[in-house]
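Comments concern the structure below.
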There are 2 protein chains.
Amino acid sequence: MDKNDTYILERQVGFVMRRAVQRHIAIFSALIPEMTPTQFAALAKLCELGQASQNELGRLTSMDVATIKGVVDRLRSRELISSAPLESDKRRLMLAPTRKGRAMYRKYVAQATEVSRQTLAPLDDGEQRQLVQLLERII
Amino acid sequence: MDKNDTYILERQVGFVMRRAVQRHIAIFSALIPEMTPTQFAALAKLCELGQASQNELGRLTSMDVATIKGVVDRLRSRELISSAPLESDKRRLMLAPTRKGRAMYRKYVAQATEVSRQTLAPLDDGEQRQLVQLLERII
DNA sequence: CATAATTTGTTTGTGTACTAATAGACTGTG
DNA sequence: CACAGTCTATTAGTACACAAACAAATTATG
C-alpha cells in the first residue's frame, strides 16, 4: 500500500551517521595516533580556556560526568593535564593543561584540521559547509 | 596571517557528528527502550535475510568481529536470535531470528522509522534527504 | 597431496558513553 | 540557623568499538 513500508537499515540517519563516525575515527587515529578524538577535544578545550573544572569541561565538550572523568584520568596519568581541588569551592576539581599538554596540543592542532579536511574530502566546499550546518541543526 | 588559524572544536565535523549521534541515541532509547540501536540493526538485518553467519551479519551492519560477537551474545541470551554451527563449514556460526525475535522486530519497526523522523525533524524534507546523501558520500 | 594463506570466531585489553546510586559541599529559603 | 534542594565528583554496571593475538577450519598453491 505505502510506497515506503519496508525498513531499510542502510537509509536510516542513525546507521549512516554511525558509519561516518567510524570512518572519521579511523582517519583521526591514523593522523593522530597518540590520542583519541575525545581526549584531543578535552585537551583542546582546556588549552583554549586555560583552566576549567572537570564538570565544566565535560559540558563544553559534550561528555557526561562519568565519561569526562575517564578522559581526564587518562590525560592526567599521561601528565597532559593537572588537577587540583578549588579552595573557594571544595566540590570542584580545577584542571589545567601542563606544559607537556600544551606542547601536545600544538603538535597536533594542524593535524586535527587535516582530519576534518580528509573526512570531508569527498565533498566540495559548499557541500562541506552544508553538511556541517545540517548536522548542527539536528543536535 | 591566515583568516582561519584557530582550531574551533565546535566546528569540526567529528565533534558535530558525535553530538548528533548522541541526540539520535537518546531519541532511540526513549522510543525503543528494550533494545539499543546496534542490537536493533543486527536484529533487523537478520530478519531481512532470514539467516546469516555471525561474520556476515557483522559486515552487513558495519560491526567488527569483536563487536558483533557481543551484540549477538546479548541478543541470544534474550532468545531473540538462535545460533548453530554450520555443518558444511564448521568455522561458521549460523544465526537466525527466533519467533520472539521476529515479534520484537515487528513490534518496533514502525518506532524505528519514527526515531529517524524525530532525529531529522528540525530539517525540511529536502534538507533531510540532503543530509543523508552527504553523509553517505563521506562513508 | 602437503603446506601456506585465508577465513571465522574467540579472548583480552583499552577507551567512549550512559544510568543509577552515593557522598560531600554549597545555596537558598523558611 | 537549619535544612531542603542543588551541584560536583566518584563508583559500579552495561554496552559499543577497535586492535591484537590466537585456534580451528577451509581454501589456494606449489
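Being a predicted model, the structure only gives us computed values, none of them experimental. By convention in this document, chain letters (A, B, ...) are assigned in the order of the sequence lines, proteins followed by strands, and residues within each chain are numbered from 1.
Using a 3.5 Å distance cut-off with no hydrogens or angles, the side chains of A:S116 and B:Q12 do pair a donor with an acceptor.
Minimum heavy-atom separation, A:P85 to A:L93: N-CD1, 3.9 Å. Residues A:S53 and A:R92 approach most closely at CB-CD, 4.0 Å, considering heavy atoms. Considering all non-hydrogen atoms of both residues, A:V65 and A:I68 come closest at O-CG2, 3.3 Å. Minimum interatomic distance between B:L123 and B:E127 (heavy atoms only, all atoms of both residues): CA-OE1, 3.5 Å. Here the closest heavy-atom approach between residue A:K100 and residue A:R78 is recorded as NZ-O, 3.2 Å.
Criterion: ILVMFWY side-chain heavy atoms under 4.5 Å apart, direct or through other members. Under it, A:F28 and A:L43 are part of a common hydrophobic cluster. A:M17 and B:M63 fall into different hydrophobic clusters, defined by Ile, Leu, Val, Met, Phe, Trp and Tyr side-chain heavy atoms under 4.5 Å apart, directly or through other members.
With respect to A:E10 and B:K45, a salt bridge is recorded, a charged nitrogen being found less than 4.0 Å from a carboxylate O.
With a heavy-atom cut-off of 4.0 Å to chain A, the contacted part of DNA chain C has its first and last nucleotide at C:dG15 to C:dC26.
Between A:Y7 and B:F40, the distance from one ring center to the other falls under 6.0 angstrom.
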Quick one: which protein N/O atoms are closer than 3.5 Å to N/O atoms of nucleotides 26-28 of chain D? Pair and distance per line, please.
residue: D:dT26; atom: OP1; partner: B:K90; partner atom: N; Å: 2.9

Base-contact (B) and sugar-phosphate-only (S) positions in nucleotides 10-19 of chain D, heavy-atom cut-off under 4.0 Å, - elsewhere: BBB--SSBBB
